[in-house]
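Presented below is the structure to which this report refers.
Bear in mind the structure is a predicted one, so any value in this text is a computation, not a measurement. Naming convention: chains lettered A, B, ... in sequence-line order (proteins, then strands); numbering from 1 in each chain.
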There are 2 protein chains.
Amino acid sequence: MTPNRKSSGPAGANSGPGSRAKILDTAEALFSRRGFNGVSLREVADRAGLGKSSLFHHFANKLSLYVAVLERILTQIDARVEAAQEHTASALARLHQWVDAIVDTLAENPTHAPLLLRALFEGEVVDAKDSSRLNHILQRTLGRVAHDLQEGMESGEFRSVSVPHTLQTLIGMSIYHFASGEFGNDLLQNPVFSAAEVRRRKEHIFSFLEHGLVQEVSQ
Amino acid sequence: MTPNRKSSGPAGANSGPGSRAKILDTAEALFSRRGFNGVSLREVADRAGLGKSSLFHHFANKLSLYVAVLERILTQIDARVEAAQEHTASALARLHQWVDAIVDTLAENPTHAPLLLRALFEGEVVDAKDSSRLNHILQRTLGRVAHDLQEGMESGEFRSVSVPHTLQTLIGMSIYHFASGEFGNDLLQNPVFSAAEVRRRKEHIFSFLEHGLVQEVSQ
DNA sequence: GTCTATACACCGATAGAC
DNA sequence: GTCTATCGGTGTATAGAC
């Protein structure tokens, strides 16, 4: 199977060349831009600073490298979301914290949103066993949000809405936005990942959750 | 260049085997599921019922086939959106018509949303000249919606929001949703493209535009 | 306009020396 | 744990007969 060395350093600061973390970083950058089928192991090896065959010592095959990249991202995001939750606030405040955390982490790691969105399409490539492991992490994250939505509806703080459809809307508002690449840059006439646009995205999402689009009639 | 025979029949009913429209239909189905790099011309040729080399008589290369598929989709969607617009209604009613049209056309053609969303990522593969042609069609469609948003804001019917960010949200709520594949099916516990869920998606989008998520305080 | 045959590069993966 | 060498297969694209 794939060797496990979970104690390796966090993404962003790599120790030695040829390390497992460096391979993951390199593969993450490439898969994010061109997808599973658009990346060759030769290119991953070259950019990671080792020979192509050496990759197979760290990962059994191309697919397990791809799955490892996805798993690291999903785990990191869930950790961020978990850390942001405080149980003392209202459902709306907790939803606000969730949006804050997910937008921050997607904005800080520009490779994540494209990779996650791609994974939805390239799910066919991942076999059932891997898929269930990845789904488990993902559903833990989504479960936190779904739980808050449910509670907010039961307390009357939120309108009565479909939880799955609302989750889809939240994913579209956050993950899709930060995965929209050059199209998003053109539309905003500003870099999607610039500090100013990230802040505006947060404000947009939250005002949409609070008010929708329509002006309330002043009565 | 690529031969033009624009008078060929609409998608769904193909005349003879080996026709240009049949190639486009086949390629559309495959590109939608596996993306540009995940599809081989051999597979397109086999399923379209001709030899691999015969494809090059209809399309100069793989990329021009891909661009032709995208262009046909964008054109078809814009036609649907254009036909749905009536200029007599309020901005909200016009937005409703737009959501109706885009959701209907995405639901009727399950290949469209995945392909459009993929095109955002695989934009690197399309060169500048092709990209500008495709962008022109896309911006015509988006321009219709942006115009309505602007008018609604100026008339006070809508809140004052960022038009580009609102467009991104609308795209996320419609195109992403119908591109979410197996993940969407799992989340809804129902087929995304089933009539019931399509209807619920429309209602969800529209109630979100009208009210957001938060319950209005009864005063 | 379709076919067979083929060119030629690159792919993922393996074998085995060091 | 990294390397060189290599395998079998497939990719896009072309040449040229019919």
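- Between A:F31 atom CZ and C:dG12 atom C1' the separation is 12 Å, expressed in whole Å.
- For the pair A:R42 and C:dC11, the criterion of a side-chain N or O lying under 4.0 Å from OP1 or OP2 is met.
- Under the side chain to side chain donor-acceptor pair (under 3.5 Å) rule, A:H165 has a single partner from B:H204, B:E203, B:R201, which is B:R201.
- Rounding to whole angstrom units, CZ of residue B:F36 and C1' of D:dG11 are separated by 11 Å.
- Atom CG in B:N37 sits about 13 Å away from atom C1' in C:dC10, given to the nearest Å.
- Residues B:S180 and A:Q168 bring a donor and an acceptor atom of their side chains to less than 3.5 Å of each other.
- Side-chain nitrogen and oxygen atoms of B:S54 include none within less than 4.0 Å of the OP1 or OP2 phosphate oxygen of C:dG1.
- Checked against the 6.0 Å centroid threshold, A:F31 and A:Y66 count as a close aromatic pair.
- B:V44 comes within 4.0 angstrom of no nucleic acid atom, judged by non-hydrogen atoms across all strands.
- Here D:dA13 presents its P atom at 9 Å from CG of B:L63, a figure rounded to the nearest Å.
- Heavy-atom neighbours of A:R80 CZ from other residues, nucleotides or ligands within 6.0 Å: above the threshold of 12.
- Atom CG of B:L50 and atom P of C:dG1 are 12 Å apart (whole Å).
- Side chain B:S40 to base D:dT12: no donor-acceptor pair is found below 3.5 Å.
- Per the geometry, CG belonging to B:N61 stands 5 Å off P belonging to D:dA13, to the nearest Å.
- For D:dA5, the base has a donor-acceptor partner in the side chain of A:S53 [N/O atoms by modelled type, under 3.5 angstrom].
- The phosphate of C:dC3 has neither OP1 nor OP2 within less than 4.0 Å of any side-chain N or O from B:H57.
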